[in-house]
Amino acid sequence: MELFEQINNDIKEAMKARDKVRLETLRNIKKYFLEAKTAPGANDTLTDDAAMKIIQKLAKQGKDSATLYQSQGRNDLAEEELAQVAVIEEYLPKQMSSEELEAAIKTIIAEVGATSMKDMGKVMGTATKQLAGKAEGAAISALVKKMLA
């Protein structure tokens, strides 16, 4: 089942369950999916890869918003954002642990033949492609810097 269809089915289930937060979050995801499908050049299609990128972006935005709200003392809004992020994350692949991420980056550094910070661009290019959806870009970047330094 495509991600788009799964979201549609889950919207129906959330309506039946009267789960307001889940319903609102899923409708928001669907809105972004529809915008992507109707964008010029999309030919009214949305691949699962494109859908996954949209979901990752929404999860990151939600976390960033929650952090901002907390820094401004608006914990009520932060809790709402984090509740929505929890729903969004159900559709993301399981994130790598720090040990798994470190092992994957060591392998990538060996593959690329990186030896210094000058090679960070090569390593990051390969790492972001291979680890897309499995780890956050910031975590990848920080670990690559640490290992190449």
Fill in: D10 and its side-chain contact (heavy atoms from CB on, under 4.5 Å) partner, picked from E5, R22, E90
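So, applying the side-chain contact (heavy atoms from CB on, under 4.5 Å) to D10 and each of E5, R22, E90, only R22 qualifies.
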How many angstroms lie between atom [atom1] of [X] and atom [atom2] of [Y], to the nearest 0.5 angstrom?
| X | Y | atom1 | atom2 | value |
| --- | --- | --- | --- | --- |
| M147 | M117 | CE | CE | 13.0 Å |
| I108 | T128 | CD1 | OG1 | 8.5 Å |
| T126 | I140 | OG1 | CD1 | 11.0 Å |
| N8 | I29 | CG | CD1 | 11.0 Å |

Item to complete: Would you sort out whether N9 and K12 count as a side-chain contact (heavy atoms from CB on, under 4.5 Å), showing the intermediate values?
Response: CA-CA 5 Å; N9 291 337; K12 293 174 195 167; 4.0 Å; yes
Worksheet item: Got more than 12 heavy atoms from elsewhere within 6.0 Å of NZ, K122?
Response: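 Open.
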Worksheet item: Does E2 offer a backbone N or O that forms a donor-acceptor pair with the side chain of D48 under 3.5 Å?
Response: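 Pair absent, no side-chain N/O of D48 close to backbone of E2.
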[X], [Y]: one ILVMFWY side-chain cluster at the under-4.5 Å cut-off?
| X | Y | value |
| --- | --- | --- |
| L34 | M15 | yes |
| L58 | V85 | no |
| L23 | L26 | yes |

Give me the atom names and distance for the closest heavy-atom approach of [X] to [Y].
| X | Y | result |
| --- | --- | --- |
| E81 | G62 | OE1-CA, 3.5 Å |
| A66 | A78 | O-CB, 3.6 Å |
| V21 | A83 | CG1-CB, 4.0 Å |
| Y91 | M52 | O-CE, 3.4 Å |
| Q56 | L92 | CG-CD2, 3.4 Å |

Worksheet item: Got a sec, which residues hit side-chain hydrogen bond (donor to acceptor under 3.5 Å, both in side chains) with E99, two or more places apart in sequence or on another chain?
Response: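 Once residues adjacent in sequence are excluded, the partners of E99 under the side-chain hydrogen bond (donor to acceptor under 3.5 Å, both in side chains) criterion are S97.
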With a 4.5 Å limit on heavy-atom distance, are the side chains of [X] and [Y] in contact?
| X | Y | result |
| --- | --- | --- |
| Y32 | K57 | no |
| Q70 | L82 | yes |
| N28 | F33 | no |
| S65 | L68 | no |

Worksheet item: Residues in salt bridge (charged side-chain N to carboxylate O under 4.0 Å, His left out) with E89, at least two apart?
Response: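 In terms of salt bridge (charged side-chain N to carboxylate O under 4.0 Å, His left out), with neighbours along the sequence ignored, E89 is linked to K63.
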Worksheet item: Does a side-chain N-to-carboxylate-O contact under 4.0 Å join D64 and K60?
Response: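 Yes.
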Practice prompt. Name all pairs fulfilling the salt bridge (Lys or Arg N to Asp or Glu O under 4.0 Å) condition that reach into residues 106-115, sequence neighbours left out, sorted by first residue then second.
Written response: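 Output for this query lists E102-K106.
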